[in-house]
Every structure is written in C-alpha cells, then in structure tokens.
Amino acid sequence: MPRENYRVCLCWRRIFKTRVVEPPADVKDAFYSFSPSGMMTVDDLLRFLIQHQGQKNATMKDAQAIFDTLKHLSVFQRRELHLDAFFRYLLGDLNLAHPPPSKHYFLFTGHNSYLTGNQFSSKSSVEPIKGALLRGVRVIELDLWPSSNGKDVKVCHGRTLPSSVGLQKCLQAIKENAFKTSEYPVVITFEDHLNPNLQKKVAKMVTETFGDMLYTNETENLEQFLSPESLKKTVLISTKPPKEFQNTEGEEVSENGSETQTNERESSSQWNPPEDGEHIEDEDEEKVVPEYRHIIAIHAGKLKGGLENWLSDDPNKARRLSLSEQELENAVKTHGTKTVMFTQTNLLRVYPKGMRVGSSNYNPFVRWIHGAQMVAFNMQGHGKHLWMMQGMFKANGGCGYVKKPDFLLQRGPNDEVFDPSVPPNVKTILKGKVILGEGWRQDFHHTAFDCFSPPDFKTEIGIAGAPADKVVKYTATIDDDWLPVWNEEFEFQLRVPELAVPWIKVLESDAGGSDFGGQACLPVSELRTGIRAVPLHDKKGNRYNHVRLLLSIKFEVPL
C-alpha cells in the first residue's frame, strides 16, 4: 500500500497510508440483492436499473451498453460484473445524478457579457462572450456606444473605466460560438446609446454577420413569443425601439437604470434613448431607421407611468420588460400575482443592481418563482448564487432553456394565478445519504489542504429554491483521509420541488480554517433515484477530473 510523507515542524515526519476506496455497505447490499450468484449478468443489471435506480424505461440495450463500456476496464471479467466493476460503474459518468438531455421557459441569461471582471475597471473583451456561450448561456447583453470619433460603434460599460471592444468583434464571436454547446436560439440584448446613423450601421453589421441565422419579424409586433424548438440555430435581437434623435446634453438613464454622463466630445451627436418609464409612441418609432427597427425581434421598454402600467398586459403585443433586482423585489411586495400574470405572456428580465461593482450576483429564486424568464447574471465571477444558476441550467441537457413549472403558467376559472407569497403544502420529500467521496488525491497536490497530514473533509448539503424550502445540513468531519466515508442520511421536505436545486459543498476543515474542496448544484426536477455519482466542480464552475461524491437518492410522497 503506498504511503505519503508530511513534514511536521521541519524536524520529523508523519507517514500516512494511502487507502484504496472499497465498496461501501450500500453498494454491497445493492449488488448482492440483484446478483445472488455473486456475479452480475446483463439481466441482473437491467433489473437493478428498473427496480433499484427507478429507471422504469430502461431496456436490455441500455444494460448491454453499460457492459460494453466496462469491457475496457481491467475489472471486467467475462460477460459478468463482479462487485468492484459494479462499484466503478456507480462512480462513473454512466451513472450521474442528473440525466442527459430530454425536450414559456427560463433562459440562461448574462449581464454585461463583455466584461472580464468587475463593473468599474475591468477590460471589455470577446473572451467572456465566448466563455458564456460555451457554458450554455443563451442571452448575451451588449452596451452600444459611439466611438470617440462618433463614426463607429463600441461595446463598453457606459462612462466607467473599462476598455471598449468593437461591436463587429462581438458579433463575430457570437456567430462562431452560439451553437457549439446548444442549438437553441441566442438572444442578443442591446442597450442602445446610438444616433440613427450608427443604428443604420449596426443594422448592416448584424444583417451581414448573421445572414439567415437572424430572426426578424414579418409583422411589427409579435402577439406571442415562439417556442425555442421552432427557433433552433437562430439569433434574435432585443432592444427598445428608441425615440427620435435628440441633440441635447446632460444625463440619461439607460435600460439598466444607471445614470451615465454624456461625453462632451460626443454631446452634439449623442443619442439619448427614452427612459424605461417612458411610453414608446408609434410616431416615435416611425422616425427610427427602418433597417434598425427591422432587426428587432423582441421589443423592450416600459409603459408611461408607474409599476401598475409597467406590468399591464397587451393581448396584441408581447414585449420584454427590464427591472433591476431592487425594482423586482419592491414590485412583488404589492404586485406578486400581477408579476406572475405578466410573465405568462411577456418576457421579464431582471438585472443586478448598480452597487454590485465587484460583479457579484443575487438570489435568482425570488425572480424565478415570480415567473421572470431572463434572470441576468454576471458570469465572470463565482460564488454560491452563480453555482445555483449553473445548477438550474444543467436541466434539459444544459441547452440553456428550462421549461417553467406548470403552476406559473396556469390560470384559474376566475383568472387567478399562483401566489408566491403563500407557501404551498409539502409536495415531495427528498431522502438520501452522503456515502463517500474520492478523487481529491488525483486532482490536488498531497499538501494542497494541509502541509502536515491528509485532509479533514466535511460536507454541507442544502436546498436552494423557494424561501420555504431553503435549509442547510452538515456531515461530520472525517479526519486525515483522502477517501472520506460519511454514510450520513439527510431529508428535505420540498414545497416547490420544481424550482428546488440541491447544492453540495465539500470543505477541508481544521483549526486553521476551511479550504474549498468542491461543489455541485443539481436541479431536483431531474435528479435520478438510486445510488448515483455526483461530480464536483471548482469555484468557477469547472468540473474536476476525478473528484466526486457517491450519494443515495430517493423521493417519497408526504403522508
């Protein structure tokens, strides 16, 4: 058995044996329950998949495919699996806790998609755009401003310090990466600060860059939005059809609600779009460059007046409304059900408040439970809220679109809709067990967590979702072991399982503090029952090569 040396106080060494992970009791019980002879046949494996793992539609072909894959492992013998081969299968990618792809939606939405870091001084680049698209993001935001000479269009964050990047480079990056991860449509939201001449230039760039990929309306306004399935491999532009060119100086309020000071050199030709609260009059739209108006597939803007008007519904015109996270929080205090009703026929986009200079994010679930389809996030950072966002959009095969729960789409006989302020009864109980973990020894240096001994791992597991479902639980700490075995059970009573995302975080904990050992977030709507492998990810959401947990998962109906 291999050994590891750890220096202690530079004067003596502690030697620890490196264990090989062995099948735990849950795995042994499952194996011998379906393999009375001590070896598992294809027929035995199929019965295990159907009866223990809950895969009711599993076929002999599925079981045979698992056998064919395991033939490449040294632990595979003849036409049967022994216990170790079965254990390796359970820990492998063929047995993940969330399934491969299946088929109103929530959209994976980015905010200021061109920024490489914070909102104030980081660079603008096409690289964050590429990275977001490759992670499955389907909504890209670009802020359009005139260049210093007033002849070109640049993408940058208003009058802050970040550098700019050319619009053409951004459009080309979107075209080249839009459908590498997902075939479902990409929406580009423009925050427009341009005069008509530059709008005409933008229309030409967009049309020439995307060609047949660009979706344009045959009519002036859509009565309802089309399904993602019908728009595969298309690009849609969404922005406010702006008012006529204004030759004025001063401050303006952008679609994101941030005040921006007009550059003196550009003041004579600066385009001042209407505030979000202003009504977009037909006579104003007529003065917009027709080529630019033609490329706008999804119209955005607020109606004149306050919140009551913003959330009003026009049965003949679907539109997109943008609210800051604070505006949405204030809106749902008095207009919760009206917000849900609005999102049944219109798009609602929520974006981070301006104080999030460090590109942090907010809790997305308050927005989702009120029906908001575009919950815009800063993708360039990391943290628990971004992990939850990434976890939610692992659903539906990671295509960037997740169907909204039926309860957000339904109306009663008196036109009533779901009221998020009233906690529903418990619908399902998630029960499980954190069995063990492995892979840190392969992905980390042996002194990564502790210079003097193997790591001391503990696990946090909780539910992110509706306020009534939020809870966190903890396992014990397993000292001095690269292969921690916890065998600790957990139970969560879920009132809104459709929006629940179980999250797991592993920490290495000792007297000196805690070190990060991996995280995973998975939508409960797609969790598979049985004994399942859960790969862990780093702080930025990148999957480790080997680190994973083995969990037991099952659902029960409350009494």
Side-chain angles (χ1 to χ4, degrees), residues 21 23-103 136 181-184 229 391 393-399 401-403 428 430-433 435-436 438-439 497 502 520-536 543 545-546 548-557:
V21 64
D26 294 75
V27 173
K28 291 178 181 178
D29 291 344
F31 179 79
Y32 290 115
S33 294
F34 292 89
S35 309
S37 68
M39 297 294 288
M40 180 172 279
T41 66
V42 176
D43 289 334
D44 295 334
L45 179 59
L46 179 58
R47 287 193 301 112
F48 168 77
L49 294 176
I50 295 172
Q51 297 176 24
H52 191 280
Q53 301 292 77
Q55 296 174 224
K56 304 301 183 184
N57 297 322
T59 64
M60 184 63 72
K61 184 178 179 180
D62 298 326
Q64 187 61 55
I66 294 171
F67 263 67
D68 292 343
T69 301
L70 293 175
K71 282 193 297 188
H72 302 290
L73 299 177
S74 60
V75 292
F76 182 83
Q77 294 182 352
R78 299 175 304 207
R79 303 300 300 167
E80 299 173 320
L81 297 180
H82 55 60
L83 175 60
D84 285 340
F86 177 71
F87 182 36
R88 299 320 303 177
Y89 154 67
L90 291 179
L91 274 169
D93 284 351
L94 294 176
N95 183 50
L96 297 182
H98 62 93
S102 62
K103 286 285 165 249
T181 298
S182 169
E183 293 185 339
Y184 285 91
E229 190 71 30
F393 284 97
K394 283 186 174 73
N396 208 14
C399 72
Y401 285 78
V402 174
K403 193 174 186 305
T428 188
L430 170 60
K431 288 188 174 183
K433 179 188 287 187
I435 301 174
L436 56 80
E438 70 156 6
C521 293
L522 302 169
V524 76
S525 60
E526 296 205 0
L527 278 181
R528 298 199 290 177
T529 57
I531 300 173
R532 299 293 180 179
V534 177
L536 298 190
R543 178 173 161 176
N545 292 327
H546 301 93
R548 59 188 57 209
L549 301 180
L550 192 67
L551 303 185
S552 173
I553 301 168
K554 66 178 178 179
F555 293 98
E556 293 184 358
V557 178

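The figures that follow rest on heavy atoms only: side chains count, while hydrogens, waters and symmetry mates do not. Numbering starts at 1 and runs along the sequence shown.
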How many angstroms lie between [atom1] in [X] and [atom2] in [Y], if you round to the nearest 0.5 Å?
X: Leu522; Y: Ile553; atom1: CG; atom2: CD1; value: 7.5 Å
X: Leu549; Y: Leu91; atom1: CG; atom2: CG; value: 9.5 Å
X: Leu46; Y: Thr41; atom1: CG; atom2: OG1; value: 9.5 Å
X: Lys28; Y: Leu83; atom1: NZ; atom2: CG; value: 7.0 Å
X: Met60; Y: Leu49; atom1: CE; atom2: CG; value: 10.5 Å
X: Ser35; Y: Leu81; atom1: OG; atom2: CG; value: 8.0 Å

For [X] and [Y], which heavy atoms make the closest approach, and how far apart are they?
X: Val402; Y: Phe393; value: CG2-CD2, 3.7 Å
X: Cys399; Y: Tyr184; value: CB-CD1, 3.6 Å
X: Pro502; Y: Leu527; value: CG-CD1, 3.9 Å
X: Phe67; Y: Val42; value: CZ-N, 3.6 Å
X: Pro24; Y: Ile435; value: CG-CG2, 3.5 Å
X: Pro523; Y: Ala395; value: CG-CB, 3.7 Å

With [X] via side chain to side chain contact (heavy atoms under 4.5 Å, CB included) - residues at least two apart:
X: Glu183; value: Lys232, Lys233
X: Thr428; value: Leu494, Pro497, Phe555
X: Asp29; value: none
X: Ser33; value: none

Mark yes or no for whether [X], through its side chain, and [Y], through its backbone, hold a donor-acceptor pair below 3.5 Å.
X: Glu526; Y: Asn396; answer: yes
X: Thr529; Y: Gln53; answer: yes
X: Asn95; Y: Ile531; answer: yes

>> Does this structure show an ion pair linking Glu438 with Arg88, if we count only N-O contacts that are shorter than 4.0 Å?
In response: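 Counted as a salt bridge, because a side-chain N and a carboxylate O are separated by less than 4.0 Å.
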Going by side chain to side chain donor-acceptor pair (under 3.5 Å), name the residues that satisfy it together with [X], two or more places apart in sequence or in a different chain.
X: Asn57; answer: none
X: Asp43; answer: none
X: Asp26; answer: Lys433
X: Arg548; answer: Asp93

>> Which residues pass the salt bridge (Lys or Arg N to Asp or Glu O under 4.0 Å) test with Lys431, not counting sequence neighbours?
In response: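 In terms of salt bridge (Lys or Arg N to Asp or Glu O under 4.0 Å), with neighbours along the sequence ignored, Lys431 is linked to Glu491, Glu556.
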> What pairs meet the salt bridge (charged side-chain N to carboxylate O under 4.0 Å, His left out) rule with one or both residues in residues 44-55, with sequence neighbours excluded?
Replying inline: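 Applying salt bridge (charged side-chain N to carboxylate O under 4.0 Å, His left out) to every pair that reaches into residues 44-55, excluding sequence neighbours, yields Asp44-Arg47.
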> Side-chain contact, heavy-atom cut-off 4.5 Å: Met40 with Glu80?
Replying inline: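 The answer is no, as the side chains (C-beta and beyond) never meet within the 4.5 Å cut-off.
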>> Applying ring pair (Phe, Tyr, Trp, His ring centres under 6.0 Å), can you list everything that pairs with His546, at least two apart in sequence or on another chain?
In response: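 Here no residue qualifies.
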> Who passes ring pair (Phe, Tyr, Trp, His ring centres under 6.0 Å) against Phe48, sequence neighbours left out?
Replying inline: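 Phe48: ring pair (Phe, Tyr, Trp, His ring centres under 6.0 Å) contacts with Phe34, His52, Phe86.
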